[in-house]
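Note that ligands are numbered from 1 as they come in the structure, with each ligand's atoms numbered from 1 the same way.
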Amino acid sequence: MGRKKIALIGGGQIGGILALIATQKELGDVVILDIPDFENPVKGKALDIMELRPHDGYDAEITGTSDYADIAGADVVIITAGVPRKPGMSRDDLLEINLNIIKNVAENVKKFAPEAFVIVVSNPLDAIVYAFYKTSGFPKNRVIGMAGALDSGRFRAFLAMETGYSVQDVQCLVLGGHGDEMVPLTRLATIGGIPATELISADRLKAIEDRTRMAGGEIVKLLGNGSAFFSPAQSALEMAESYLKDKKRIIPSAALCEGEYGIDGLFIGVPAVIGANGIEKILEVKLSDEEKAALKVTVEHVAGVVEETGL
Ligand code: APR
């Protein structure tokens, strides 16, 4: 059996880091695909990573292309094609342009990599992953959006920064859409198995919760020209790895809900079990009335953006 194959659609900021981390994690061969105008830059990134490998002994092949035939047989496809936010923009402002792009990408992925597990990263995430699902006709267990992994990672980072304890020992869950109305479940956050509510004051927890919701925008503002790319790449690869290695990790992800949490027909951030069969299960956690109300707000927001796709 040869190596696994990972196709990256979009070889910009996130795509480049995805290629690097996938190589370092030795997940398989990597193909970076971008539009013809960007073929040379992605070939350059691929060659640069090929030349990095001897320093640490990775054996995968990394290639750049603008020809979809080169993604044939991909086990995993990660889509970052599209434009990122600029300061002052919301993720929803990207809908029109990224919707056109994802429709084109979906047709091609369907044609050239019909068996792949597809991870969508492009924003506005919940609507773009929905558009991929609708356009491609892929089964729901093989289409997933990367958002909750990143949002809960940010929440974990802030809780670790607050306490000074290891990020490794912080666990938490963020539900809902990938927007400022997402629902960090502070009640369930633990640090070393101890409820975070016992270690951090209610005021500070509230501040951390708010920072988590706005964390993407905080980085957009600092970068000045683009959005976060290191942590989104790592988060997407964590999902790819759980699929490729059948780890059955529980990762907050945008998955198609059909009744779970009372949501029907939308991709919303929920705890998903990711294994060899893709999304193997959505776990349901009992919510308080307040959490239910907060979830309803984010779901309605996502429904509004999805409505605008006309799909
Ligand atoms: N097919 C393939 N690639 C495309 C297409 C297309 N139709 N249209 C655009 N691209 C490529 C661009 O040429 C660019 O190289 O997608 C890449 C996007 O890279 P960046 O602009 O650097 O954006 P990045 O920071 O990687 O973010 C990508 O992920 O987090 C989201 O909001 C973010 O929607 C954005 C996406």
* To do: Assess the side chains of Asp56 and Tyr58: does a donor N or O sit below 3.5 Å from an acceptor N or O?
  => yes
* ligand 1 to Tyr68 polar contact by distance, N or O atoms, under 3.5 Å -> no
* To do: Using distance alone, determine whether Arg85 and ligand 1 share an N or O pair under 3.5 Å.
  => no
* To do: Pick one of side chain, backbone, both or neither for how Phe229 approaches ligand 1, counting any non-hydrogen atom pair under 4.0 Å.
  => neither
* Asked: Hey, does the side chain of Ser66 reach the backbone of Glu39 with a donor-acceptor pair shorter than 3.5 angstrom?
  -> no
* Asked: Nearest to atom 21 (O) of ligand 1 by heavy atom, Pro84, Gly15, Pro41: which?
  -> Pro84
* Asked: Are any side-chain N or O atoms of Asp246 and backbone N or O atoms of Ala276, one a donor and one an acceptor, separated by less than 3.5 Å?
  -> yes
* Heteroatom proximity flag, Ile101 to ligand 1, N/O under 3.5 Å -> no
* Asked: Taking the minimum heavy-atom distance to atom 4 (C) of ligand 1, which of Gly226, Ala81, Ser227 ranks first?
  -> Ala81
* Heavy atoms of other groups near Lys134 NZ, more than 12 under 6.0 Å -> no
* Shortest protein contact, atom 29 (O) of ligand 1 (heavy atom only) -> Ile14 CD1, 3.5 Å
* **Any side-chain donor near an acceptor of the partner, Thr186 and Glu209, under 3.5 Å** => yes
* Asked: Given Leu94, Val83, Ile102, which has its nearest heavy atom closest to atom 34 (O) of ligand 1?
  -> Val83
* Asked: So which heavy atom in the protein is nearest atom 12 (C) of ligand 1, and how far is it from that ligand atom?
  -> Asp34 OD1, 3.4 Å
* Structure fact -> Ranked by distance from atom 6 (C) of ligand 1, the top protein heavy atom is Ile35 CG2, 3.5 Å
* To do: Give a yes/no verdict on a cation-pi contact between Arg142 and Phe117, requiring under 6.0 Å between NZ or CZ and the six-membered ring centre and an angle within 45° of the axis.
  => no
* To do: May I ask you to decide whether Glu61 forms a salt bridge with Arg3, counting only side-chain N to carboxylate O separations under 4.0 Å?
  => no
* Taking only heavy atoms of Phe38, which atoms of ligand 1 are found under 4.0 Å from at least one of them? -> 13 (O), 15 (O)
* Would you please say whether a donor-acceptor pair under 3.5 Å links the side chains of Asp92 and His301? => yes
* Nearest-neighbour protein heavy atom for atom 9 (C) of ligand 1, which is reported as residue plus atom name and distance -> Gly82 N, 3.6 Å
